[in-house]
Amino acid sequence: MGDLQHFGYFFSRGFGPQAWGRADWDWGLDWTKPDLYQQSVRALEQAGMDLVIAEDAISLGSPATLDLRIRQAYGGPKHDPLLLAPYLFAVTEHIGIAPTVNAGITPPYLAARQAATLAHLSSDRFGLNVVTDTGSARHVGAAPLPHDAAYDRAEEWITLLRRLWHSWGDGYVGDPSDWHFADGDALDAFHHEGAYFTADGPLNALPLDSNPVVVSPGGSGRGLGFAGTHSDVQLALAPLTAEAVRAYRSRVLTAAADAGRSADDLRVLFVLKPVLVPSVEEADRVVTASRHPSDADLRAAAVAWSSDSETDLLALDLDAPIPAGTFGDHVSAGTIRGLVGDTPDAPLRELLTRKARLGRISAREGFIGTAEEFADFVEELGADADNDGFILSGDLHPAQVYRMTGDLVPVLRRRGLLRREYGDGGLRANLFDF
């Protein structure tokens with residue numbers, strides 16, 4: 001028996017055309033309607049997931065990659081996941097929902113009010129996945145910022161949100177015996193003028209018992225610093241060996257300690273997309289078949305990485321290294337590292353070939369395997385690296401959710417790795433009750 005770990009689900013392509021281009025599309029579910037997502041989130045709650053994080057990008061991308069991103073609906077269209085959240089709360093009781101919110105384009109007062117409202121409506125099950133995307137700035141008339149400056153702006157943004165959430169202080173009374181609702185003099189009617197934002201308090205929303213959970217991605221030094229200082233959940237991307245997980249966690253927890261926080265104040269959850277098959281033999285067959293990717297496989301990998309990096313890799317020479325300066329400031333260090341790894345001088349064809357190849361869970365080379373092999377992997381990382389848990393990644397389509405969790409949940413529960421029941425207290429309690 002292993003130790004309990006936390007599990008969540010990353011709604012990886014956002015509120016967009018789920019299952020497009022796959023046989024799952026023939027289920028006939030309408031991705032623009034809430035019932036598809038409601039069905040999936042109910043299943044994830046039944047499975048014991050702590051939270052669902054909804055990816056989002058408000059932009060369809062740069063003009064150079066626009067056609068590439070929408071031709072197969074890889075990078076868009078997308079609706080706003082914040083507006084989907086109430087539909088998901090309406091059909092669940094315990095699971096948390098954390099839509100992506102862009103700190104660069106959402107005014108702090110508006111974001112604080114929306115978050116406070118959804119926290120009340122959901123009994124404290126609402127969270128914010130805070131991103132610093134600068135490529136979307138032009139859509140709202142804002143100037144793009146360099147990578148580190150975008151994190152400076154996000155720090156001011158989240159600090160201002162928290163001041164607004166607490167701006168009622170002890171002013172709420174709520175005593176109906178003498179019609180005494182609140183004391184205006186106790187509210188924080190502050191004026192903020194910072195490097196990036198100007199705003200006035202107090203917030204026109206009821207105060208909260210606890211702040212909404214803050215989730216953040218980002219593997220750069222600046223991103224890990226932001227997580228250590230401000231986040232409750234850090235979405236981690238790293239090679240999933242015990243050594244790499246320990247090193248990554250150490251960097252985040254060092255940043256937390258520098259900010260006066262401890263390991264008990266945040267959870268580091270590693271994102272992965274396992275492909276679970278019924279037998280070891282089938283896993284070996286799938287991996288062997290991927291060793292020699294076709295031109296179509298390489299193109300699919302190029303499209304995916306072009307979309308993620310908003311950089312048209314198809315326009316580059318496949319047999320030459322990626323030229324210096326190809327990626328703009330808006331591309332995160334984690335995205336670039338995810339493609340080039342430790343060999344930035346390798347030909348693009350070689351990089352894409354690596355991405356098209358699949359590896360076995362049992363060999364720690366990938367995530368193809370059986371549910372039992374995946375449970376072995378989870379248990380070993382929990383024991384050897386003191387891992388907090390994982391975020392499974394995929395479309396929020398019922399077929400995808402059942403495919404990923406159907407065989408896995410009973411195995412994880414039998415091993416003592418996955419919760420069987422929830423406590424009370426909303427998303428924060430889900431994450432910190434063990």
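Hydrogens, waters and symmetry mates are skipped; everything else that's a heavy atom, side chains included, is used. Quick caveat: nothing in here was measured; it's all calculated off a predicted structure.
- For the atom pair Gln400 CD and Gln18 CD, the distance stands at 9.5 Å (nearest 0.5 Å).
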Quiz prompt | Derivation of the side chain to side chain contact (heavy atoms under 4.5 Å, CB included) call for Leu128 and Leu161 | solution = CA-CA 11 Å; Leu128 295 160; Leu161 259 65; 4.0 Å; yes
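- Without hydrogens or angle criteria, Arg113 side chain to Leu203 main chain gives no donor-acceptor distance under 3.5 Å.
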Quiz item: Which is it for Arg125 and Thr92 under the side chain to side chain donor-acceptor pair (under 3.5 Å) test, yes or no, and what are the steps along the way?
Solution: CA-CA 10 Å; Arg125 291 191 288 137; Thr92 55; 2.8 Å; yes
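- A salt bridge is absent between Glu350 and Lys355; no separation between the charged side-chain nitrogens and carboxylate oxygens falls under 4.0 Å.
- Other residues, nucleotides and ligands place no more than 12 heavy atoms under 6.0 Å from the CZ atom of Arg71.
- Inter-residue side-chain proximity for Leu276 and Asp407 is flagged as unmet; no heavy-atom pair is nearer than 4.5 Å.
- Below 30°, between 30° and 60°, or above 60°: for Phe390 and Phe377 the angle between ring planes is between 30° and 60°, a tilted geometry.
- Looking at Asp376 and Arg415, a side-chain N of the basic residue comes within less than 4.0 Å of a carboxylate O on the acidic one, giving a salt bridge.
- A salt bridge is defined here as a Lys NZ or Arg NE, NH1 or NH2 lying under 4.0 Å from an Asp or Glu carboxylate O, and Arg267 with Asp50 fails to meet this definition.
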Quiz item: Taking it one step at a time, do Ser216 and Ser231 satisfy side chain to side chain donor-acceptor pair (under 3.5 Å)?
Solution: CA-CA 6 Å; Ser216 69; Ser231 299; 2.7 Å; yes
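- The two residues Ala238 and Phe270 make their nearest non-hydrogen contact at CB-CE2, 3.9 Å.
- A salt bridge between Lys33 and Asp35 is absent, with no side-chain N of the basic residue lying under 4.0 Å from a carboxylate O of the acidic one.
- Between Ser309 and Thr335 the shortest heavy-atom distance is CB-CG2, 4.1 Å.
- Aromatic ring centres of His120 and Phe126: separated by at least 6.0 Å.
- Checked against the 6.0 Å centroid threshold, Phe367 and Phe374 do not count as a close aromatic pair.
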Exercise. Quick one: do Tyr9 and Met404 satisfy side chain to side chain contact (heavy atoms under 4.5 Å, CB included)? Show the steps, please.
Key: CA-CA 10 Å; Tyr9 197 91; Met404 192 176 292; 4.0 Å; yes
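- Aromatic ring centroids of His397 and Trp25 lie 6.0 Å or more apart.
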Quiz prompt | Stepwise side chain to side chain donor-acceptor pair (under 3.5 Å) check, Thr100 with Asp56 | solution = CA-CA 6 Å; Thr100 295; Asp56 190 35; over 6 Å; no
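- Qualifying salt bridge (Lys or Arg N to Asp or Glu O under 4.0 Å) partners for Asp148, counting only residues two or more places apart in sequence or in other chains: none.
- Salt-bridge formation is not detected for the pair Glu55/Arg13: no Lys NZ or Arg NE/NH1/NH2 atom is positioned less than 4.0 Å from an Asp or Glu carboxylate oxygen.
- If you look at Phe197 and Tyr109, their ring centroids are not closer than 6.0 Å.
- Heavy-atom minimum distance, His6 versus Phe432: CE1-N, 4.4 Å.
- Side-chain contact annotation: Gln234 with Tyr248, donor-acceptor N/O pair under 3.5 Å present.
- Salt bridge annotation for Asp384-Arg246: absent, with no cationic side-chain nitrogen under 4.0 angstrom from a carboxylate oxygen.
- Electrostatic pairing of Glu93 and Arg42 does not count as a salt bridge here, judged by no charged N lying under 4.0 Å from a carboxylate O.
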Self-check item: Test log, rule side chain to side chain donor-acceptor pair (under 3.5 Å), inputs His94 and Glu421
Solution: CA-CA 10 Å; His94 302 287; Glu421 59 185 18; over 6 Å; no
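- Test Glu282, Glu281, Glu373 against Arg360 for salt bridge (Lys or Arg N to Asp or Glu O under 4.0 Å) and you get one pass: Glu373.
- Not counting sequence neighbours, Phe7 has no partner by the ring-ring contact (aromatic ring centres under 6.0 Å, His included) test.
- Shown here are the salt bridge (Lys or Arg N to Asp or Glu O under 4.0 Å) partners of Asp232, two or more places apart in sequence or in another chain: Arg428.
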